[in-house]
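Quick notes on the structure that follows.
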Amino acid sequence: MAADASAPDRSELLVRSARTSDVRAMRDLIEPYVRRRILLGKELVTLFEAVQEFVVAERDGQVVGCGALHVMWEDLGEVRTIAVAEGALGKGVGHAMLVALEERARRLGLSRLFCLTFETDFFGRHGYEEVAEQVVGPDVFAELVRSPDGGVAEFLDLAHVKPNTLGNTRMLKRL
């Protein structure tokens, strides 16, 4: 008898900080979303450089999800690059990683989290709301504009990046 694809996965899910040994699996998780223009691509070197920002979800010793928290300012972070293996979709992996990233944000002293996403229902269920206006004041904007990070430039809607490159929605949550 075939297993019901909608049946909950009873094996234990572990969400933990990513390690360098996870980076290639993270790239493999992210790549199908890049091909479908849901996530921006990341070079392998960039993933290694940012590994400390990532958590991974592991089930039965396999990495089935990854996601990152990027600190943008003293009170503001961005949830980035959440990717879940196709076979693990709808089984709580994204939820568990987002909870872990939000807890990490609280420990760092952040009070607001931003994301650019197509998954508005998922983030909405977690308390994120669509925003259209600038979410930082002019002084912070002037500081953030100095960042070389492309994600920060997109957050600020700077002219040197295509506005809303992927056509996704800007969302914000107050922790």
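For the single chain, residues carry numbers from 1 onward in sequence order. Reckoned from all heavy atoms, side chains included, excluding hydrogens, waters and symmetry mates.
Of all heavy-atom pairs spanning L113 and E78, the tightest one is CD2-N, 4.4 Å. Scanning both residues, G67 and M97, for their nearest heavy atoms gives N-SD, 4.0 Å. Smallest separation of non-hydrogen atoms from V64 and A88: CB-CB, 4.1 Å. In this structure, R174 and R112 approach most closely via the heavy-atom pair NH1-CD, 3.0 Å. Counting all heavy atoms, side chain and backbone alike, A105 lies closest to L175 at CB-CD1, 3.8 Å. For L47 against K42, the heavy-atom pair with the smallest separation is CD2-CD, 3.7 Å.
Side-chain contact between Y128 and L172 is absent, with no heavy-atom pair separated by less than 4.5 Å. When side chains are defined from C-beta on, L14 does not count as touching R59, because their heavy atoms never get closer than 4.5 Å. H126 is listed as a side-chain neighbour of H95, based on a closest heavy-atom distance under 4.5 Å. D75 has its side chain out of reach of L110: every pair of non-hydrogen atoms, C-beta onward, lies at least 4.5 Å apart. Side-chain contact between T117 and R170 is absent, with no heavy atoms from C-beta onward closer than 4.5 Å. Between F114 and L76, the closest side-chain pair of non-hydrogen atoms falls below 4.5 Å. Side-chain atoms of F122 and L98, non-hydrogen and from C-beta on, do get closer than 4.5 Å to each other. Contact check for S17 versus R104: side-chain heavy atoms found under the 4.5 Å cut-off.
Hydrophobic clustering (ILVMFWY, side-chain heavy atoms < 4.5 Å, transitive): L13 and L89 are in one cluster. Both F48 and V34 are part of a single hydrophobic cluster, where members link through side-chain heavy atoms under 4.5 Å apart. Using a 4.5 Å cut-off between side-chain heavy atoms of Ile, Leu, Val, Met, Phe, Trp and Tyr, with links allowed through other members, V63 and L44 fall into the same hydrophobic cluster. In this structure, V51 is a member of the same hydrophobic cluster as L108, with clusters built from ILVMFWY side-chain heavy atoms closer than 4.5 Å. The hydrophobic cluster containing V131 also contains L116, counting ILVMFWY residues as joined when their side-chain heavy atoms lie under 4.5 angstrom apart, directly or transitively.
Atom CD of Q62 is surrounded by 12 or fewer heavy atoms from other residues, nucleotides or ligands within 6.0 Å. More than 12 non-hydrogen atoms from other residues, nucleotides or ligands lie less than 6.0 angstrom from CD of E31. Around CZ of R36, the count of heavy atoms belonging to other residues, nucleotides or ligands within 6.0 Å exceeds 12.
Remark: the R106 side chain and the S111 side chain contain no N/O donor-acceptor pair separated by less than 3.5 Å. Between E53 and H70, the side chains place a donor N or O and an acceptor N or O closer than 3.5 Å (distance only, hydrogens not considered).
Remark: A83 engages L29, I30, Y33, L39, C66 in a side-chain contact (heavy atoms from CB on, under 4.5 Å) (not counting sequence neighbours). In terms of the side-chain hydrogen bond (donor to acceptor under 3.5 Å, both in side chains) criterion, residue partners of R16 (sequence neighbours excluded) are, by chain and number, D22, E58.
No salt bridge links R27 with E43; every basic N to acidic carboxylate O contact stays at or beyond 4.0 Å.
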- [ ] Check the pair R80, L69 against side chain to side chain contact (heavy atoms under 4.5 Å, CB included), reporting the backbone distance first and the verdict last.
- [x] CA-CA 6 Å; R80 292 182 171 180; L69 172 67; over 6 Å; no

TODO: Could you go through the side chain to side chain contact (heavy atoms under 4.5 Å, CB included) check for V55 and L101 one step at a time?
DONE: CA-CA 7 Å; V55 297; L101 292 170; 3.8 Å; yes

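Within the model, atoms CD1 of I82 and CD1 of I38 stand 13.5 Å from one another, a figure rounded to the nearest 0.5 Å. F123 CZ to E129 CD: the interatomic distance, rounded to the nearest 0.5 Å, is 14.0 Å.
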